[in-house]
Amino acid sequence: MKCIKCKKTAEVELKSHNAAFCRDCFVEFFKNQVIKGIKKFKMFTDKDKLLVAVSGGKDSLTVWHVLNELGYKADGLFIDLGIDGFSEVAKKTTEAFAERLSAKLIVVDLKKEGLAIPDVVKKTRRVACAVCGQIKRYYFNMTALKYGYDVLITGHNLDDEVGRLFSNVLHWKMEYLKDQSPLLPAEDGLAKKAKPLWRLTEFETSVYAFFNDIDYVSISCPLSKNATFRSYKKHLNEIEFDSPGTKIDFYQGFLKNMLPVLSKKNESSIKNRCKICGYPTLADVCGVCRLKGLD
Ligand code: SF4
Ligand code: ZN
């Protein structure tokens, strides 16, 4: 098999793009997809102050790396979740990567905030990933606003977006569907959020990470129990295998045909601000401040 660009021996075959690439041409292809994804939604420019939410995992380190390669100066934000045996490794990996990029890294320590995930799970008996997601989103947003960043960036890839879309459609979660865009504009109290890897699959992201020697955390979080979501991804991979290109078609079709309709119908309903921290909320006090108040 030959690279479709330079005719050297190909190392990666991408059926959904009807293409095969050598190492260098694949990396070029990946960067071009990121540029296309950023431009399509006018996500940001090199004048913007960018903050990348980094967990130490493949996707977040990859997005940080590729933005750096494309000439964007982006700082990192790591949330130490306080999960024994996992968070220490994730933090060390992220710090080493920040050093490699010579980039600034902001660390928020949830133990110091009284919100270490295992403790919160014990107190509330809620599903770990639900409460962890809520707390992470809160600190991503608050940190971006506190330090004056223009955009908060996450490493979500096409598989994440399609998996979530599939789940939200299966259960018709209209309130989540309207927010399922690679770009969420800033609102009062909410930072602008962007997902530059939305056009790239999990596989393509892994290949990019491998070709660029990105040393990421490979152990799984011990609290992870998101089996339903994983099974959706598995089914979608089977469909993609039989019919390459389905994932990107499904997502782009949604963005083009459904999102504009949903966005018009669902104006943001959150008008209140938490009386303790100022975070947008439907109640008097936001969910995270309520968690902090628990004994
Ligand atoms: Fe948090 Fe769940 Fe991810 Fe663990 S797997 S870091 S609990 S969201
Ligand atoms: Zn609050």
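Quick note: numbers below take in every heavy atom, side chains included, and nothing from hydrogens, waters or symmetry partners. Whatever order the structure lists ligands and atoms in, that order sets their numbers, starting from 1.
Residues satisfying the side chain to side chain donor-acceptor pair (under 3.5 Å) test with Lys73, not counting sequence neighbours, are none. For the ring-ring contact (aromatic ring centres under 6.0 Å, His included) test, no residue two or more places apart in sequence or in another chain qualifies with Phe210. A search for ring-ring contact (aromatic ring centres under 6.0 Å, His included) contacts involving Phe250 returns nothing, not counting sequence neighbours.
Between Lys247 and Glu240, no side-chain nitrogen of the basic residue sits less than 4.0 Å from a carboxylate oxygen of the acidic one, so the salt-bridge criterion is not met.
Between Glu113 and Tyr139, the side chains place a donor N or O and an acceptor N or O closer than 3.5 Å (distance only, hydrogens not considered).
If you look at atom 1 (Fe) of ligand 1, the protein N, O or S atoms less than 2.8 Å from it are Cys132 SG.
Applying the ring-ring contact (aromatic ring centres under 6.0 Å, His included) test between His65 and each of Phe30, Phe211, Tyr208, Tyr216 identifies Tyr208 as the sole match.
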